[in-house]
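Accompanying notes for the structure given below.
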Number of protein chains: 2
Amino acid sequence: MKKFINDPDAVVDEMVDGFLYAHGDRIRRLAEARTLVRADAPVKGKVGIVTGGGSGHKPSFIGYIGKGMLDAVAVGEIFTSPPPGAVYEAIKATDGGKGVLLLLGNYAGDVMNFDMAAELARGDGIEVEQSIATDDVGSGFKDDKSKRRGVVGEFLIWKMTGAMAERGESLSEVKRIADKVNQNTRTMGVAISPCTVPAAGKPTFTLADDEMEVGVGHHGEPGLRREKLKPVDEIVDMLCAEVISDLPFKAGDEVVTLINGLGATPQLELYIANRRLFKNVTDKGIRVYRALVGEFFTALEMAGFSITLCRLDDELKELLDAEAYTPYFTQAGR
Amino acid sequence: MKKFINDPDAVVDEMVDGFLYAHGDRIRRLAEARTLVRADAPVKGKVGIVTGGGSGHKPSFIGYIGKGMLDAVAVGEIFTSPPPGAVYEAIKATDGGKGVLLLLGNYAGDVMNFDMAAELARGDGIEVEQSIATDDVGSGFKDDKSKRRGVVGEFLIWKMTGAMAERGESLSEVKRIADKVNQNTRTMGVAISPCTVPAAGKPTFTLADDEMEVGVGHHGEPGLRREKLKPVDEIVDMLCAEVISDLPFKAGDEVVTLINGLGATPQLELYIANRRLFKNVTDKGIRVYRALVGEFFTALEMAGFSITLCRLDDELKELLDAEAYTPYFTQAGR
């Protein structure tokens with residue numbers, strides 16, 4: 001294991017320290033738990049947006065704390081759910097009187113721990129709702145999409161839900177947006193090399209020199225199948241076919257496309273993929289309203305990428321384009 | 001070679017196509033050369049800021065085209081200088097009547113080609129000045145710093161020079177800022193794995209499982225020495241000692257620190273490094289005015305990072321904090 005670390009068991013705490021040295025002017029850590037919140041939390045008259053999950057996905061989750069996106073993040077160990085207490089403290093620290101929306105991926109540990117935290121907070125009289133992301137086509141379950149994993153589609157949910165909350169809308173309205181974005185979002189990824197969790201010390205999976213894992217998860221979970229590596233245009237064609245047919249996206253739809261690097265894939269390759277993605281989508285008569293390319297939700301140093309499409313209407317376009325000020329996503333409104 | 005590409009010789013053109021599909025609302029390609037410019041170039045009454053260099057360093061250089069940073073970038077092949085014609089077209093396309101400043105790293109091919117382009121443009125009556133970055137302590141030349149490579153310190157030069165130009169200052173004033181930032185900036189990096197240029201098909205160097213390259217360049221150039229891999233705190237201590245003593249940075253100085261991932265290093269590790277960097281700098285009585293952490297200037301999928309310090313005064317702080325709107329660096333002013 002060749003990594004820039006000290007003690008493998010201390011990586012998350014040391015990372016949080018280093019993060020706060022860089023962003024401590026606008027993000028703070030709670031005394032009660034490993035939970036990071038907006039420096040000005042709770043924001044009065046605004047629904048609190050809380051998420052959390054395992055570490056190793058930077059810039060997710062903590063890189064998106066700030067005005068127009070997330071109010072708090074409960075920070076778990078690498079690829080491990082945060083404890084209920086960290087989520088509970090996040091809720092208490094961000095309730096500005098209009099309740100708190102929990103956003104999470106569809107992982108058993110997260111679902112259980114967020115549920116427990118929500119119950120505790122409701123006992124304190126705080127209104128709490130949840131919305132669970134399930135955008136990963138690569139996790140299968142064609143017959144029961146509610147079983148799918150949430151992956152980088154969560155970024156789009158945070159963005160649009162955060163903008164809705166910033167407007168001062170009610171908890172039920174903010175939750176409606178989270179669910180709506182999730183229902184209109186589909187993702188599928190591919191990896192050509194694994195990652196190594198420091199405390200484990202060995203790769204999450206192994207692949208032959210000419211193989212790729214199709215439908216891989218954000219923690220190196222096995223995908224739908226293993227195939228021979230192909231030119232990237234053919235890979236993009238395959239991913240697009242699965243993503244587009246799943247919703248399905250249709251001629252006349254408008255979408256935001258997102259290409260997410262999983263960690264070690266050069267941006268150069270992501271843009272080559274974006275070239276082919278654009279062709280696939282527009283050839284079907286689908287309009288690209290906006291295209292995002294970069295690393296939004298990684299899996300340590302895994303080499304791979306995913307393609308996401310999210311169908312937009314006027315309401316979602318406005319929320320996507322609203323201003324946001326976070327360490328890793330800033331826009332002054334478009 | 002396991003990469004998400006099609007034809008190894010077409011990677012740069014395909015990347016540019018994909019880049020423009022994502023950012024074509026604010027960046028355009030010139031018809032005359034592989035040169036990308038702000039959509040609204042030339043901006044009247046503003047000095048044009050032009051840079052360029054080899055590809056494979058994303059988000060540098062083209063990811064920083066936009067208001068408050070770069071006006072144009074001449075795009076070379078992977079790790080290869082752009083031809084003089086591409087730089088010449090960049091100058092012509094961005095001269096808004098106040099002249100053009102060329103910013104470049106200290107690489108023989110770049111220096112030669114930018115010089116030729118400057119001569120051609122001067123022949124057309126355009127005022128052209130140059131400023132050459134030399135921030136890389138790892139390239140040696142303690143006795144003649146003008147021979148050093150320019151590396152990620154260039155990002156800080158683009159940021160502050162771009163802000164100066166946006167104010168409508170004269171060419172000589174904008175050049176003064178570029179030189180001033182360079183004189184106050186020092187960088188040193190380390191790598192634990194190489195990268196592979198697609199057209200070459202084999203790694204730029206090889207390292208044993210327990211080795212690191214200290215002082216590595218942005219193209220995998222050999223550094224000052226090869227050492228056994230150590231805990232990251234010890235690596236940061238070593239890099240800081242070399243960077244701090246070189247200027248030298250002294251108690252009472254204020255700096256912006258920058259940790260730059262070279263491609264495949266997880267952000268988690270960069271933040272662990274930032275924790276120790278903060279300690280090193282503040283223990284010396286140096287104040288951290290601002291800390292940047294991320295991928296600003298990569299070398300394809302190389303695993304490694306560098307540490308940069310830039311000494312600030314009131315003038316530079318204001319320029320650092322000025323607004324900027326580019327695909328990969330946006331701030332609404334601080």
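Fair warning: this is a prediction, and the values are worked out from it, not measured in the lab. Note on naming: letters A, B, ... go to the chains in the order of the sequence lines (proteins, then strands), and numbering restarts at 1 for each one.
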Minimum heavy-atom distance [X]-[Y], with the two atoms named:
| X | Y | answer |
| --- | --- | --- |
| A/His23 | B/Tyr271 | NE2-OH, 2.7 Å |
| B/Val293 | A/Ala22 | CG2-CB, 4.2 Å |
| B/Ile5 | A/Ile272 | CG2-CD1, 4.3 Å |
| B/Tyr21 | A/Ala291 | O-CB, 4.2 Å |
| A/Ala264 | B/Ala264 | CB-CB, 3.7 Å |

### Query
Does any heavy atom of chain B fall under 4.5 Å from the side chain of A/Val190, the backbone, both, or neither of them?
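Interface part for A/Val190: both.
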
### Message
Does any backbone or side-chain atom of A/Tyr325 lie under 4.5 Å from a heavy atom of chain B? Answer side chain, backbone, both or neither.
### Response
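Side chain only.
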
Which atoms of [X] are under 4.5 Å from chain A, going by heavy atoms: the side chain, the backbone, both sets, or neither?
| X | answer |
| --- | --- |
| B/His57 | neither |
| B/Asp209 | backbone |
| B/Ile78 | side chain |
| B/Tyr328 | side chain |

Above 12 or not: heavy atoms from other molecules or residues under 6.0 Å from [atom1] of [X]?
| X | atom1 | answer |
| --- | --- | --- |
| B/Lys317 | NZ | yes |
| A/Lys284 | NZ | no |
| B/Glu318 | CD | no |

### Query
Quick one: are B/Leu229 and A/Lys2 in side-chain contact, heavy atoms under 4.5 Å?
yes

### Side-chain heavy-atom pair A/Gln267, B/Pro59 within 4.5 angstrom cut-off
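Yes, close enough: below the 4.5 Å cut-off.
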
## Note on the structure
Counting heavy-atom pairs under 4.5 angstrom with chain A, the leader among B/Asp13, B/Val288, B/Leu268, B/Asp17 is B/Leu268

### Message
At a heavy-atom distance under 4.5 Å, which candidate from B/Leu277, B/Ile192, B/Leu20, B/Thr330 has the highest pair count against chain A?
### Response
B/Ile192

### Task
Return yes if some donor-acceptor pair links the side-chain N/O of B/Asn6 with the main-chain N/O of A/Asp233 below 3.5 Å, else return no.
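Indeed, once roles are kept as given, a pair shorter than 3.5 Å links the two residues.
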
### Task
Name the option with the most non-hydrogen atom pairs under 4.5 Å to chain B; the candidates are A/Glu234, A/Glu211, A/Met1.
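Highest number of pairs under 4.5 Å: A/Glu211.
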
### Separation between CD of B/Glu269 and CG of A/Leu300, rounded to the nearest 0.5 Å
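The CD atom of B/Glu269 sits 7.5 Å away from the CG atom of A/Leu300.
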
### Point-to-point distance, once rounded to the nearest 0.5 Å, from OG1 of A/Thr265 to NZ of B/Lys3
9.0 Å

